[in-house]
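So that the names make sense, note that chain A is the first sequence line, chain B the second, and so on, each numbered from 1.
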2 protein chains.
Amino acid sequence: MATIDKPLLQRQTVTAMVAEYIAARIIGGDYPGGHQIRQEAIAAELGVSRIPVREALLQLEADGLVVIRTHRGAVVSELSADDAIDLFDARLLLEPFLVEKAIGHVTDQDIAAIEKSMRAYEAAIARGDDPKDLSRLNWAFHTALLEPSMRPRSMAVVQALYNSADRYLRLQIEPAKARAKALQEHRELFEAYRRKDIAETARLLRKHIADAAGEIVSQLRRSETAA
Amino acid sequence: MATIDKPLLQRQTVTAMVAEYIAARIIGGDYPGGHQIRQEAIAAELGVSRIPVREALLQLEADGLVVIRTHRGAVVSELSADDAIDLFDARLLLEPFLVEKAIGHVTDQDIAAIEKSMRAYEAAIARGDDPKDLSRLNWAFHTALLEPSMRPRSMAVVQALYNSADRYLRLQIEPAKARAKALQEHRELFEAYRRKDIAETARLLRKHIADAAGEIVSQLRRSETAA
DNA sequence: TATTGTATGATTGGATCCAATCATACAATA
DNA sequence: TATTGTATGATTGGATCCAATCATACAATA
């Protein structure tokens with residue numbers, strides 16, 4: 001498979017588990033923008049010391065989920081229309097580029113993995129799985145599309161962007177409708193990808209991201225002017 | 001000024017100082033790719049405990065300067081032609097885009113700041129300042145060009161890329177020649193930028209990055225096939 | 001001789017504790 | 001009454017210490 005080998009079993013440190021926990025709370029909206037994250041509160045909640053909490057917060061800062069100020073602690077980063085544009089424009093540059101490179105290197109095994117990933121998302125929507133699982137499968141599909149590009153550095157950037165993008169997607173008023181549209185677009189993307197139609201795949205991916213961004217930004221603009 | 005306000009005085013934590021120290025050692029080539037960074041060794045060297053060293057290493061991992069494996073510590077990430085392509089292609093996507101957005105928002109004050117930044121680089125080259133300072137001024141110019149885009153998220157990505165790009169630039173066989181070329185290109189970039197010629201500035205910036213990337217990649221390819 | 005098991009020191013991950021900083025309320029002063 | 005100074009609890013940053021894991025050398029076994 002033309003993808004990056006990842007370790008088959010990787011031990012989870014307490015730091016990694018805490019990072020996942022806090023990230024899930026932020027992405028899920030339990031901790032909204034501006035929310036102060038107290039190290040001691042998280043530590044007590046999870047039954048660990050403050051050290052892994054602090055180390056987790058440093059990682060989340062790198063992902064743009066929190067902002068840390070010296071001696072003042074971590075605050076969940078604020079969402080805004082401007083930030084969404086910043087974020088989705090970066091995705092609009094990187095993802096179509098990576099998908100073009102990916103198609104150049106893709107193997108049949110990769111394509112099988114992508115199809116499997118697409119079907120898993122489809123099945124999860126049909127079952128009405130919870131938003132967290134649906135998000136995970138959505139990003140897994142995007143990752144599977146881009147992974148054969150063999151660009152681990154750019155992939156790491158894109159992965160970080162997904163975490164923040166997820167926060168915006170979860171804000172959508174009509175998530176079911178958005179997901180149905182996304183799934184249909186995933187099917188079209190996969191068809192073009194399977195044919196190795198580079199230009200068409202890139203075009204569809206650009207539209208896929210731009211449409212979602214457009215929805216989110218206009219919704220945010222409405223709420224921002226209302227406020 | 002249409003740029004992001006940064007705090008006038010920000011306290012340095014020990015963690016931040018350690019991160020700067022290790023980053024400088026990696027970028028300067030003292031710690032080459034594959035070098036094991038021992039927490040205790042750095043701690044002893046700087047007269048601090050291992051806690052800030054570990055936290056610094058986490059930040060450097062996010063920047064792609066080190067790779068951390070659970071219970072095995074941090075290793076300086078390896079440089080390669082493939083990685084250089086990955087890195088410089090990402091810059092080639094993001095920077096020209098950001099410079100276009102920047103010109104759209106730029107103020108006279110910004111332009112004055114950019115000119116000052118360009119002249120500082122020029123003067124440092126004329127004085128024969130050490131590579132570390134020359135690098136800092138080079139990136140400061142690039143940052144000044146892009147900053148008026150008001151895209152803090154994309155800017156953070158680009159800043160992280162600069163750290164790794166610097167490792168490659170320091171490898172160049174003829175740094176003086178490369179810097180003279182870069183300076184000349186900076187002048188042309190600045191002229192187009194000042195005229196607010198968006199297309200020409202983007203074109204020049206693309207060429208500026210692509211030329212440097214081309215040099216570095218072909219040099220790496222030569223040494224990789226030689227080995 | 002090649003492979004597997006075991007012991008030991010080195011190293012990392014995490015808990016606990018102390019010092020420094022921050023936020024807040026309240027007192028003092030003009 | 002508005003501003004400045006001071007005291008106190010809350011919180012973070014960092015040092016020290018302990019437990020878990022890893023790497024290595026060496027012994028045991030087929």
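- Remark: the B:Q39 side chain and the B:R50 side chain contain an N/O donor-acceptor pair separated by less than 3.5 Å.
- B:R25 is listed as a side-chain neighbour of B:E45, based on a closest heavy-atom distance under 4.5 Å.
- In this structure, the side chain of A:S154 does not engage the main chain of A:R151 through any donor-acceptor pair within 3.5 Å.
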For DNA chain C, just give me the dot-bracket, please: Watson-Crick or G-U, both distances below 3.5 Å, ( ) intra-strand, [ ] crossing earlier pairs, | paired with another strand, . unpaired.
||||||||||||||||||||||||||||||
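- Side-chain contact, B:E224 with B:S80: no donor N or O sits under 3.5 Å from an acceptor N or O.
- Using modelled atom types and a 3.5 Å distance limit, the side chains of B:T107 and B:D110 yield a donor-acceptor pair.
- Residue-level contact check: A:R50 touches the bases, meaning some heavy atom is under 4.0 Å from a base atom.
- Residue-level contact check: A:I37 touches the backbone only, with heavy atoms under 4.0 Å from sugar-phosphate atoms and none from bases.
- In this structure B:Y168 satisfies the ring-ring contact (aromatic ring centres under 6.0 Å, His included) test with no other residue, sequence neighbours excluded.
- Within the 4.0 angstrom heavy-atom criterion, no nucleotide atom of any strand lies near B:L57.
- Looking only at side-chain heavy atoms (C-beta outward), B:L145 and B:F141 come within less than 4.5 Å of each other.
- At a threshold of 4.5 Å between non-hydrogen side-chain atoms, the residues B:D129 and B:Y121 do not count as touching.
- A 4.0 Å heavy-atom criterion places the boundary nucleotides of DNA chain D facing chain A at D:dT11 to D:dC22, written 5' to 3'.
- Across all strands, B:R38 comes closer than 4.0 Å only to sugar-phosphate atoms, never to a base (heavy-atom distances).
- With DNA chain C read from its 5' end, the first of the two nearest nucleotides for A:R72 and A:T15 is the one closest to A:T15.
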